[in-house]
Amino acid sequence: MNDGNEIPVIGLGTGGMKGSDGAATITSAIHNGYRLIDSAYNYENEGTVGEAVRRISVAREDLFITSKLPGRYHHYKDAVKTIQESLYRANLDYYDLYLIHWPNPKQGHYVEAWQALIDAKKWGLIRSIGVSNFLPEHMEHLEKETGVLPSINQIELHPFFNQAEQRKWHEKHDVITESWSPLARANDVFENKTIQAIAKKHRKSAGQIILRWHYQINAVSIPRSSSPIRQKENISIFDFKLDQNDMEILASLTKPEGRINGQHPAEYEEF
């Protein structure tokens, strides 16, 4: 990342994983080789992530744990307290990465929130800081006001909405692209005949084809799965390569209005 820290290229999304079952699922993923675990304050499962960390024998420094600040706490003092609360919930000393979950531009307080993340990093509560669902204009505003660009922007990214222009901006400004919902609606991906044809060609699953595509466009992906078998499958994408024709075919699947739930960062408000 642009701050000198490193992030795994694939991780586990944990939305909806709660309680003992959720902790078991996350523990399974770690045993299967995952080291990046993505959570959020609004997932209400930071404690579950912390419990999973306590259950496994992998050293804390070998894990990369992310959480996110909700929109209702963008004011500076609220953001600082929420970062602390996130750590208390997970019983962790620090987060490897902390993100502002959505910019909420109509409220206009995301610069305050960003300053809180900058300070929390100085205090050792966070190792790296970034944003989620920010447009280039939002990140330019952060840099103008604070002099600090995010290390990562986590955005909706999948073959049906490939965000080519946003990714170009990230690359130009040394901001890593991280993909949420990397498999879109899984059934849409798994049943897509174009993707199935590429999967058959490489003797891989449709999911593996898409996650390899994310890797080859230099995006970190965080697929979500509670199945140990699917977890192993999702992370097993490093023994083959998509060729240029495969990449062009997958790029052709994108749609101008391809967002799963139509949540445009210029309009959508998350609290």
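All figures in this text were calculated on a predicted structure; none of them were measured in a lab.
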Task: Any Leu142 side-chain heavy atom under 4.5 Å of Pro150 side chain - done: yes
Task: Glu165: salt bridge (charged side-chain N to carboxylate O under 4.0 Å, His left out) partners, not counting sequence neighbours - done: Lys168
Task: Ile260 vs Phe161, side chain to side chain contact (heavy atoms under 4.5 Å, CB included): CA-CA, chis, key distance, verdict - done: CA-CA 9 Å; Ile260 296 173; Phe161 191 63; over 6 Å; no
Open item on the list: As a test of understanding, state which of Gln166, Lys172, Arg167 forms a side-chain hydrogen bond (donor to acceptor under 3.5 Å, both in side chains) with His170.
Closed with: Gln166
Open item on the list: Would you say Ser86 and Tyr98 are linked by a side-chain donor-acceptor pair, where the criterion is simply a distance under 3.5 Å?
Closed with: yes
Open item on the list: With heavy-atom distances below 4.5 Å as the criterion, would you say the side chains of Ile217 and Met247 are in contact?
Closed with: yes
Task: salt bridge (charged side-chain N to carboxylate O under 4.0 Å, His left out): pairs with one or both residues in residues 215-234, sequence neighbours excluded - done: Arg230-Glu233
Open item on the list: Strictly by salt bridge (charged side-chain N to carboxylate O under 4.0 Å, His left out), give each pair with a member in residues 25-37 just once, sequence neighbours left out.
Closed with: none
Open item on the list: Measuring only between side-chain heavy atoms, which start at C-beta, is Ser151 closer than 4.5 Å to Asn5?
Closed with: no
- [ ] Please tell me if the side chains of Lys18 and Glu44 come closer than 4.5 Å, counting only heavy atoms from C-beta onward.
- [x] yes
Open item on the list: Using only atom types and a distance under 3.5 Å, with no angle test, would you say the side chain of Asn192 pairs donor to acceptor with the backbone of Ile195?
Closed with: yes
- [ ] Using only heavy-atom distances, determine whether the side chains of Glu51 and Asn91 contain a donor-acceptor pair under 3.5 Å.
- [x] no
Open item on the list: Measuring only between side-chain heavy atoms, which start at C-beta, is Asp3 closer than 4.5 Å to Lys121?
Closed with: yes
Task: Atom pair CD1 (Ile37) and CD1 (Ile222), whose distance is rounded to the nearest 0.5 Å - done: 10.5 Å
Open item on the list: Could you go through Ile152 and Ile7, starting from their C-alpha distance and side-chain angles, then the distance that decides it, and tell me whether this counts as side chain to side chain contact (heavy atoms under 4.5 Å, CB included)?
Closed with: CA-CA 10 Å; Ile152 281 180; Ile7 183 171; 3.4 Å; yes
Open item on the list: For Ala113 versus Ala79, what's the shortest heavy-atom pair and its separation?
Closed with: CA-CB, 4.3 Å
- [ ] Anything under 30° is parallel, anything over 60° is perpendicular, the rest tilted; go ahead and classify Tyr43 against His101.
- [x] perpendicular
TODO: With sequence neighbours left out, write down each residue that passes salt bridge (charged side-chain N to carboxylate O under 4.0 Å, His left out) with Lys201, or none if nothing qualifies.
DONE: Asp243, Asp246
- [ ] For the residue pair Phe240 and His202, categorise the inter-ring angle as parallel (less than 30°), tilted (30 to 60°) or perpendicular (more than 60°).
- [x] tilted
TODO: Tell me, please, which residues at least two apart from Arg89 pass salt bridge (charged side-chain N to carboxylate O under 4.0 Å, His left out).
DONE: Glu46, Glu85
- [ ] Compare all side-chain heavy atoms of Trp102 with those of Pro265 and state whether any distance is below 4.5 angstrom.
- [x] yes
Name the atoms and distances for all side-chain donor-acceptor pairs under 3.5 Å in residues 57-65, with sequence neighbours left out.
{"residue": "Arg60", "atom": "NH1", "partner": "Leu63", "partner atom": "O", "Å": "3.3"}
{"residue": "Arg60", "atom": "NH1", "partner": "Asp96", "partner atom": "OD2", "Å": "2.9"}
{"residue": "Arg60", "atom": "NH2", "partner": "Tyr94", "partner atom": "O", "Å": "2.9"}
{"residue": "Arg60", "atom": "NH2", "partner": "Asp96", "partner atom": "OD2", "Å": "2.9"}

Task: Hydrophobic cluster identity match, Ile126 and Leu99, side-chain contacts under 4.5 Å - done: no
Task: Gap between atom CD1 of Ile210 and atom CG of Leu242 - 0.5 Å precision - done: 8.5 Å
- [ ] Return the set of residues passing ring-ring contact (aromatic ring centres under 6.0 Å, His included) with Trp169 (not counting sequence neighbours), or none when no residue passes.
- [x] His173
Open item on the list: How close do His74 and Pro70 get, counting heavy atoms only, and between which atoms?
Closed with: CD2-O, 3.5 Å
Task: Any pair counted as salt bridge (charged side-chain N to carboxylate O under 4.0 Å, His left out), so long as it reaches residues 140-158, sequence neighbours left out - done: none
Open item on the list: Go through it in stages, so that I can follow the logic: the residues are Trp114 and Ile129, the test is side chain to side chain contact (heavy atoms under 4.5 Å, CB included), and I'd like the CA-CA distance, side-chain angles, deciding distance and then a yes or no.
Closed with: CA-CA 9 Å; Trp114 185 239; Ile129 56 177; 3.6 Å; yes
- [ ] Using the test ring-ring contact (aromatic ring centres under 6.0 Å, His included), find all partners of Tyr215 that sit at least two apart in sequence or belong to another chain.
- [x] Phe238
Open item on the list: Just so I know, are the side chains of Leu253 and Thr194 near enough to count as touching, which here means a heavy-atom distance under 4.5 Å?
Closed with: yes
TODO: Measure the spacing between OH of Tyr268 and CG of Asn261 and express it to the nearest 0.5 Å.
DONE: 8.0 Å
TODO: Examine Ile249 and Phe160 and state if one hydrophobic cluster contains both, with Ile, Leu, Val, Met, Phe, Trp and Tyr joined whenever side-chain heavy atoms are less than 4.5 Å apart.
DONE: yes
Task: Residues Ser236 and Gln208: side-chain donor-acceptor under 3.5 angstrom - done: no
- [ ] For Arg185, enumerate each residue passing the salt bridge (charged side-chain N to carboxylate O under 4.0 Å, His left out) test, keeping only those at least two apart in sequence or located in another chain.
- [x] none
Open item on the list: Heavy-atom count check: over 12 atoms from other residues, nucleotides or ligands less than 6.0 Å from Tyr88 OH?
Closed with: no
Open item on the list: Please list all pairs meeting salt bridge (charged side-chain N to carboxylate O under 4.0 Å, His left out) that have one or both residues in residues 255-271, counting only residues at least two apart or in different chains.
Closed with: Lys106-Glu267
- [ ] Check the pair Leu36, Leu12 against side chain to side chain contact (heavy atoms under 4.5 Å, CB included), reporting the backbone distance first and the verdict last.
- [x] CA-CA 6 Å; Leu36 165 58; Leu12 179 75; over 6 Å; no
Open item on the list: Using a 3.5 Å distance criterion without hydrogens, assess whether the side chain of Thr146 forms a donor-acceptor pair with backbone atoms of Val148.
Closed with: yes
TODO: Using distance alone, with no hydrogens and no angle criterion, decide if Trp180 and Asn133 have a side-chain donor and acceptor under 3.5 Å apart.
DONE: yes
TODO: Answer whether the closest heavy-atom distance between the side chains of Tyr76 and His109 falls below 4.5 Å.
DONE: no
Open item on the list: Filter on ring-ring contact (aromatic ring centres under 6.0 Å, His included), then keep only pairs touching residues 135-156, sequence neighbours left out; what's left?
Closed with: Tyr110-His138, Tyr110-His141, Phe134-His138
